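The structure presented is a predicted model; accordingly, all values stated were derived computationally and were not measured.
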Amino acid sequence: MAKTTINSNCVSTIIPSSSCKFTLDEWHLNNQFRHRYAKAQQKRADRILIEAKRMCESVAGIVKTNKEETDHQLRAKVNDIEFRKEELLRIRKDIVLEIDGLLIYKQRIINTLTSVKRNALEICKKCLVARGRRLGIDLVHDDVEKELLIECEMIQEAENLLARVLEEICEQIRKSKAALYRIDNDHENKECNLHIDRRNMALKKIDFDLNICQATLHSGILMTMNEWEQQTNSNVIDATKAINDAKRLRSYIDTIIKQTIDGLNGQKYVTNKALKRRIEQTQEAKTKLELQHSEIVKQVAAMSNNITQIKSSIADKEGYMALINARLESRCLRPETEVTRDLAEINLVKEIYTLQKIVANLQQMLCEAETSLRYLFKTQVQLEEDINIKTNTLQIDDVECNILRQSIDYHAH
């Protein structure tokens, strides 16, 4: 037979071995398994399709809702930021005005302090030194000196007060500028935030490839809304306090400047009035002294003439005395019984006693007149000294002090 003549090696390559063959039952089982597996995959695919469709629809709604909520929150945030910005701008305008006002008042204080420190205290001290050169009885602790000392004390107190007020206003300017810096910083941050959120509101998912953007969450601790609001509120409160403090300080400065300048001008008026009154008193005393001096000079001349007359009268009486003595002496030469105490003798004796008494009286009067003349000369010298003292005092008070005090000028700008 032909089959039996075929090479066994060829048969082994063409006919599969019995170990690679499946049974018919296996074939049916395999078909059934493939069928059931395919059905299962179809069911699973249908379920996934339904779930995917439902999920896509559900997710689309959630995403839309979330986006709408986010857009709403962004709009609310933008409105809130805009409101806060307007509030910050309003308070910023007020605090800038107050800072400008404080700077003006600072210059007013500086100008006022300069007018007080310019020469007033030095002039008052120069007046005290000048009045220390008064002479004799005029070197008194009078009202002018008292008022000058009071004025010196008031000037020193005014300088110290204005210097303290200047320090206060500088400190208030510093606080106000610090509050302004915080307001500006807060406003700048909100402007940046507003720019970002407005841009976020304008973004569309089709504007550009959003897939390249990846959100970066803040690693640090985020500020809560209450903290965010409190920060701005705190800045506004601080700025408002600075504004109110600045207003009160400016009002206080108005009062201080007015009281200080009015007080100094008032004391200046009192001192000038005391000086004027003292000058009038000195001038009046000098005039009286000059009148007395004129009278004394007249009396000295009169007394000198009187002494000359008394001396002349005494000399004249000495002639009469010599005459009487000569007569008495010659009558002593009468002879014997002719030496009588007659009326002529009695009258000559009476005449000599009368002349002696008259000469004694004239001598006493001459002594008194010469003593009076010495006192008159002494009084004249004293009056001249007093007049010179008053002249020196008037030179100091009416010329030096008055001219010095004319340059004192207290004023508020």
Distance, nearest 0.5 Å, that separates CG of Asn193 from CZ of Arg198: 11.0 Å
I'd like to know if the side chain of Glu147 pairs up with that of Gln267 as donor and acceptor (distance under 3.5 Å, no hydrogens or angles considered). yes
With rounding to the nearest 0.5 Å, note down the distance linking CG in Asp46 to CD in Glu51. 11.5 Å
Any carboxylate oxygen within less than 4.0 angstrom of a Lys/Arg side-chain nitrogen, looking at Glu171 and Arg174? yes
If the threshold is 4.0 Å, N to carboxylate O, is there a salt bridge linking Arg134 and Asp142? yes
Close side-chain approach of Asn79 and Phe83, heavy atoms under 4.5 Å: no
Backbone N or O of Glu368 within a donor-acceptor pair of the Ser372 side chain at under 3.5 Å? no
Ring-face cation of Arg108 near Tyr105 (centre distance under 6.0 Å, axis angle within 45°): yes
Do you know which two heavy atoms are closest between Gln172 and Asp245, and how far apart they sit? OE1-CB, 3.6 Å
Test item: Glu26 side-chain N/O and Thr23 main-chain N/O as donor-acceptor pair under 3.5 Å: yes
Closest heavy-atom pair, Glu151 versus Cys124, reported as atoms and distance to 0.1 Å, is CD-SG, 3.6 Å
Ionic contact status for Glu168 with Arg164, cut-off 4.0 Å: no
Evaluate the criterion side chain to side chain contact (heavy atoms under 4.5 Å, CB included) for residue pair Lys288 and Lys390; output intermediate values, then yes/no. CA-CA 11 Å; Lys288 288 182 178 179; Lys390 297 296 182 288; over 6 Å; no
